[in-house]
J.: 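Below are the structure tokens for one structure; questions will follow.
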Amino acid sequence: MQTFVLPPEIAELVIARNKVRDHYQAMLEAKGGTAKLHFTLDGNLVGDVGEALAAEFFGIRLVDTKSTEGIDGYGPDGRTVQVKATGTGRGPAFRQTQTRADHLLFFDLNLEAQTGTVVFNGPEHLALGKLPDNFDGQRSLTPGQIRAANRDVLDRDRLAMHPTPTS
């Protein structure tokens with residue numbers, strides 16, 4: 001696994017989120033509330049950050065629209081790539097799709113620490129092999145399952161990361 005420092009623009013996003021979180025937490029407490037709102041950065045935002053990182057660090061050419069189900073872009077060598085990202089430490093989630101990518105990149109983003117980790121970089125079928133053949137809706141791999149799948153990837157099957165990450 002490779003760890004890298006997130007671009008400084010991500011720090012600005014986290015700082016803004018923290019200001020919103022702190023503002024509303026103070027307001028709730030002033031009104032006698034005990035609820036904790038976390039304002040988690042997740043969903044489409046984290047997915048878009050993952051795709052941007054794939055373009056920046058792996059040279060992925062992203063598809064123009066989201067009309068290509070299961071494929072987010074193309075690697076420098078032309079292989080199709082699916083990009084997944086989490087900001088919660090969970091494993092990647094998959095749906096049954098007609099089209100599967102040749103390759104999967106899965107990032108675990110620690111937004112507070114401003115770091116990211118490439119948890120999986122290899123043929124998508126190795127990760128999907130950890131799931132049942134048939135399932136309804138969405139199924140997730142555990143962090144342990146995706147890390148185990150990454151250990152099965154041969155070095156020659158990985159996409160090269162540029163610039164070289166720190167750590």
Side-chain angles (χ1 to χ4, degrees), residues 1-14 17 40-111 113-133 135 137-167:
M1 289 190 298
Q2 297 170 298
T3 300
F4 53 93
V5 175
L6 292 172
E9 293 78 10
I10 302 296
E12 294 174 24
L13 181 67
V14 173
R17 184 276 317 260
T40 305
L41 298 171
D42 57 7
N44 288 334
L45 178 63
V46 169
D48 286 351
V49 169
E51 289 181 22
L53 294 171
E56 180 178 6
F57 291 131
F58 291 93
I60 303 303
R61 183 176 46 87
L62 298 174
V63 295
D64 293 333
T65 65
K66 298 297 178 188
S67 63
T68 310
E69 183 181 49
I71 297 173
D72 293 315
Y74 296 89
D77 60 0
R79 72 181 104 171
T80 57
V81 179
Q82 170 80 299
V83 179
K84 302 268 183 193
T86 184
T88 62
R90 296 186 182 116
F94 296 90
R95 295 185 184 283
Q96 292 283 17
T97 61
Q98 294 291 331
T99 306
R100 292 292 186 190
D102 300 320
H103 201 82
L104 172 68
L105 290 171
F106 175 59
F107 299 100
D108 186 356
L109 308 177
N110 183 333
L111 299 171
Q114 290 299 296
T115 61
T117 301
V118 181
V119 177
F120 186 89
N121 174 3
E124 186 178 45
H125 72 87
L126 293 177
L128 293 172
K130 303 290 183 185
L131 292 172
D133 289 336
F135 58 89
Q138 183 173 284
R139 286 294 286 265
S140 295
L141 293 176
T142 66
Q145 287 173 312
I146 193 65
R147 283 176 172 77
N150 190 60
R151 287 191 293 272
D152 293 338
V153 177
L154 301 174
D155 284 342
R156 70 173 184 252
D157 293 333
R158 296 184 190 280
L159 287 171
M161 187 173 187
H162 306 282
T164 305
T166 59
S167 177

J.: Could you check whether any side-chain heavy atom of Asp152 comes within less than 4.5 Å of a side-chain heavy atom of Lys130, counting everything from C-beta outward?
T.: yes
J.: Is there side-chain contact between Val49 and Glu9, with at least one heavy-atom pair below 4.5 Å?
T.: no
J.: Rounded to the nearest 0.5 Å, what's the gap from CG on Leu126 to CZ on Phe120? Could you check?
T.: 5.0 Å
J.: Mind checking the CE-CD spacing from Met161 to Glu56? Nearest 0.5 Å is all I need.
T.: 8.5 Å
J.: Which pair of non-hydrogen atoms, one from Ala149 and one from Ala127, has the smallest distance, and what is that distance?
T.: CB-CA, 4.0 Å
J.: Does a side chain donor of either Thr99 or Thr97 reach within less than 3.5 Å of an acceptor in the other side chain?
T.: no
J.: In the structure I gave you, are the side-chain heavy atoms of Pro123 and Val153 within less than 4.5 Å of one another anywhere?
T.: yes
J.: For residues 42-63, which residue pairs qualify under ring-ring contact (aromatic ring centres under 6.0 Å, His included), counting only residues two or more places apart or in two chains?
T.: Phe4-Phe57
J.: Can you tell if the side chain of Glu124 reaches within under 4.5 Å of the side chain of Asp102, non-hydrogen atoms only?
T.: no
J.: Could you give me the CA-CA distance, side-chain angles and deciding distance for Met1 and Arg147, then say whether side chain to side chain contact (heavy atoms under 4.5 Å, CB included) is met?
T.: CA-CA 9 Å; Met1 289 190 298; Arg147 283 176 172 77; 3.6 Å; yes
J.: How about Val14 and Gln114: do any of their side-chain heavy atoms sit closer than 4.5 Å?
T.: yes
J.: We want to know whether Asn121 and His103 form a side-chain donor-acceptor pair, criterion being a heavy-atom distance below 3.5 angstrom.
T.: yes
J.: How long is the span from the CG atom in Leu45 to the CG atom in Leu111, to the nearest 0.5 Å?
T.: 8.0 Å
J.: Considering non-hydrogen atoms only, spot the tightest contact between Thr40 and Arg17 and give its length.
T.: CA-NH1, 4.3 Å
J.: Using 0.5 Å steps for rounding, measure from the CG atom of Leu53 to the CG atom of Leu109.
T.: 6.0 Å
J.: Which atom names give the shortest non-hydrogen contact between Ala101 and Gly70, and what distance separates them?
T.: CB-O, 3.6 Å
J.: Might you work through the side chain to side chain contact (heavy atoms under 4.5 Å, CB included) test for Leu159 and Val81, ending with a clear yes or no?
T.: CA-CA 10 Å; Leu159 287 171; Val81 179; 4.2 Å; yes
J.: For Phe107 and Val83, run side chain to side chain contact (heavy atoms under 4.5 Å, CB included): C-alpha distance rounded to whole Å, both residues' side-chain angles, the deciding distance at 0.1 Å, then the answer.
T.: CA-CA 8 Å; Phe107 299 100; Val83 179; 3.9 Å; yes
J.: Hey, are Thr86 and Asp108 close enough side-chain-wise for a donor-acceptor pair under 3.5 Å?
T.: no
J.: Let me know which of Arg139, Lys84, Gln82 forms a side chain to side chain contact (heavy atoms under 4.5 Å, CB included) with Pro92.
T.: Lys84
J.: Test side chain to side chain contact (heavy atoms under 4.5 Å, CB included) on Asp72 and Val63 and set out the steps.
T.: CA-CA 6 Å; Asp72 293 315; Val63 295; 5.5 Å; no
J.: Can you check whether Gln145 reaches Ser140 side chain to side chain, under 4.5 Å on heavy atoms?
T.: no
J.: Please name all residues satisfying ring pair (Phe, Tyr, Trp, His ring centres under 6.0 Å) with Tyr74, sequence neighbours left out, ordered by chain then number.
T.: none
J.: Quickly, which of Leu141, Leu105, Ile146 forms a side chain to side chain contact (heavy atoms under 4.5 Å, CB included) with Val119? Name it, please.
T.: Ile146
J.: Look up atom CD1 in Ile10 and atom OG1 in Thr115, then write down how far apart they are to the nearest 0.5 Å.
T.: 12.0 Å
J.: In Å and rounded to the nearest 0.5 Å, what is the CG to CD1 distance from Leu62 to Ile71?
T.: 12.5 Å
J.: Can you confirm whether Leu131 sits close enough to Phe94 that some side-chain heavy atom of one is under 4.5 Å from a side-chain heavy atom of the other?
T.: yes
J.: Would you say that more than 12 heavy atoms from the other residues, nucleotides or ligands in this model lie under 6.0 Å from the CG of Asn44, or not?
T.: no
